[in-house]
Amino acid sequence: QVQLVESGGGLVRPGGSLRLSCAASGFSISTAIMSWFRQAPGKEREVVAVITTTGGTSNYIDSVKGRFTISRDNAKNTVYLQMNSLIPDDTAVYYCKATSGMTVYWGPGTQVTIAS
């Protein structure tokens with residue numbers, strides 16, 4: 001059974017940090033472009049960060065550049081999102097996505113809330 005499961009979300013104060021993990025099972029992420037998306041209440045889902053299959057290239061939306069870092073460990077079949085200097089606008093459900101050719105998998109998401 002193919003699964004992506006996100007973890008590491010929670011409630012943190014502004015300026016804090018979180019590290020999200022996305023563990024895959026039932027398939028290998030080594031051939032997949034991995035990405036993190038987020039969806040805030042009342043807003044459309046947006047891509048946050050993308051990383052290529054080997055991890056050699058990553059891209060970010062402007063609002064998280066310099067604060068978030070996407071990484072992957074293909075041996076552990078896991079992708080990460082390190083989030084620093086968090087602000088209230090980062091509050092959202094964060095989703096992991098795997099894209100391999102025409103095949104796409106999504107995780108169920110993990111809630112991240114930034115509040116004092």
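Values below: every heavy atom of this structure, side chains too, minus hydrogens, waters and symmetry copies.
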- [ ] State whether a side-chain donor-acceptor pair under 3.5 Å links Thr78 with Asp73.
- [x] no
Open item on the list: Please find the pair of heavy atoms, one from Ile61 and one from Val47, that lie closest to each other, and give the distance.
Closed with: CG2-O, 2.8 Å
Open item on the list: Any heavy-atom pair between the side chains of Glu6 and Leu20 that's under 4.5 Å?
Closed with: no
TODO: Could you pull out the closest heavy-atom pair between Ala98 and Ala32, with the gap in Å?
DONE: CB-CB, 4.2 Å
- [ ] Let me know which of Val79, Val5, Ile29 forms a side-chain contact (heavy atoms from CB on, under 4.5 Å) with Cys96.
- [x] Val79
Open item on the list: I'd like to know if the side chain of Thr57 reaches the main chain of Thr52, judged simply by a donor and an acceptor atom lying under 3.5 Å from each other, with no hydrogens or angles considered.
Closed with: no
Task: Approximate separation, where rounding is to 0.5 Å, of Lys97 NZ and Cys22 SG - done: 12.5 Å
Open item on the list: Please confirm whether the ring centroid of Phe68 lies under 6.0 Å from the ring centroid of Tyr60.
Closed with: no
Task: Intermediate values then yes/no, side-chain contact (heavy atoms from CB on, under 4.5 Å), Leu86 and Leu18 - done: CA-CA 8 Å; Leu86 287 161; Leu18 282 173; 4.2 Å; yes
Task: Arg72 to Ile51 - nearest heavy-atom pair and separation - done: NH1-O, 3.5 Å
TODO: List the steps and the verdict of side-chain contact (heavy atoms from CB on, under 4.5 Å) for Tyr95 and Gln39.
DONE: CA-CA 8 Å; Tyr95 300 90; Gln39 187 166 17; 4.1 Å; yes
Task: Heavy-atom side-chain contact between Phe37 and Val48 under 4.5 Å - done: no
Open item on the list: Taking Ile114's backbone N and O only, do any of them form a donor-acceptor pair with Thr91's side chain (distance below 3.5 Å, no angle check)?
Closed with: yes
- [ ] Using modelled atom types only, decide if a donor and an acceptor are shared between the side chain of Asn59 and the backbone of Val50 within a distance under 3.5 Å.
- [x] no
Task: Atom pair CE/CG of Met34 and Leu81 - distance to nearest 0.5 Å - done: 11.5 Å
Task: Validation row: Val64, Arg38 side chains within 4.5 angstrom (heavy atoms) - done: yes
- [ ] Output the distance between atom CG (Asp89) and atom OG (Ser63), rounded to the nearest 0.5 Å.
- [x] 8.0 Å
Task: Atom pair CD1 (Ile70) and OG (Ser58), whose distance is rounded to the nearest 0.5 Å - done: 7.0 Å
Task: Heavy-atom side-chain proximity of Thr110 to Val93 below 4.5 angstrom - done: no
Open item on the list: Starting from Ile87, can I reach Val12 by hopping between I/L/V/M/F/W/Y residues whose side chains sit under 4.5 Å apart?
Closed with: no
- [ ] Answer yes or no on whether Arg19 is positioned over the face of Tyr80, meaning its NZ or CZ is under 6.0 Å from the six-membered ring centre and within 45° of the axis.
- [x] yes
- [ ] Go through Trp36 and Met83 one step at a time and tell me if the side-chain contact (heavy atoms from CB on, under 4.5 Å) criterion holds.
- [x] CA-CA 12 Å; Trp36 286 96; Met83 307 187 295; over 6 Å; no
TODO: With side-chain contact (heavy atoms from CB on, under 4.5 Å) as the test, would you mind laying out the steps for Gln1 and Ser25 before giving the verdict?
DONE: CA-CA 7 Å; Gln1 182 182 1; Ser25 59; over 6 Å; no
TODO: Over all heavy atoms of both residues, which pair between Ala92 and Gln111 is shortest? Give the atoms and the distance, please.
DONE: O-NE2, 3.4 Å
- [ ] Check Phe27 against Ala24 and note the closest heavy-atom contact, atom names and distance.
- [x] CE2-CB, 3.7 Å
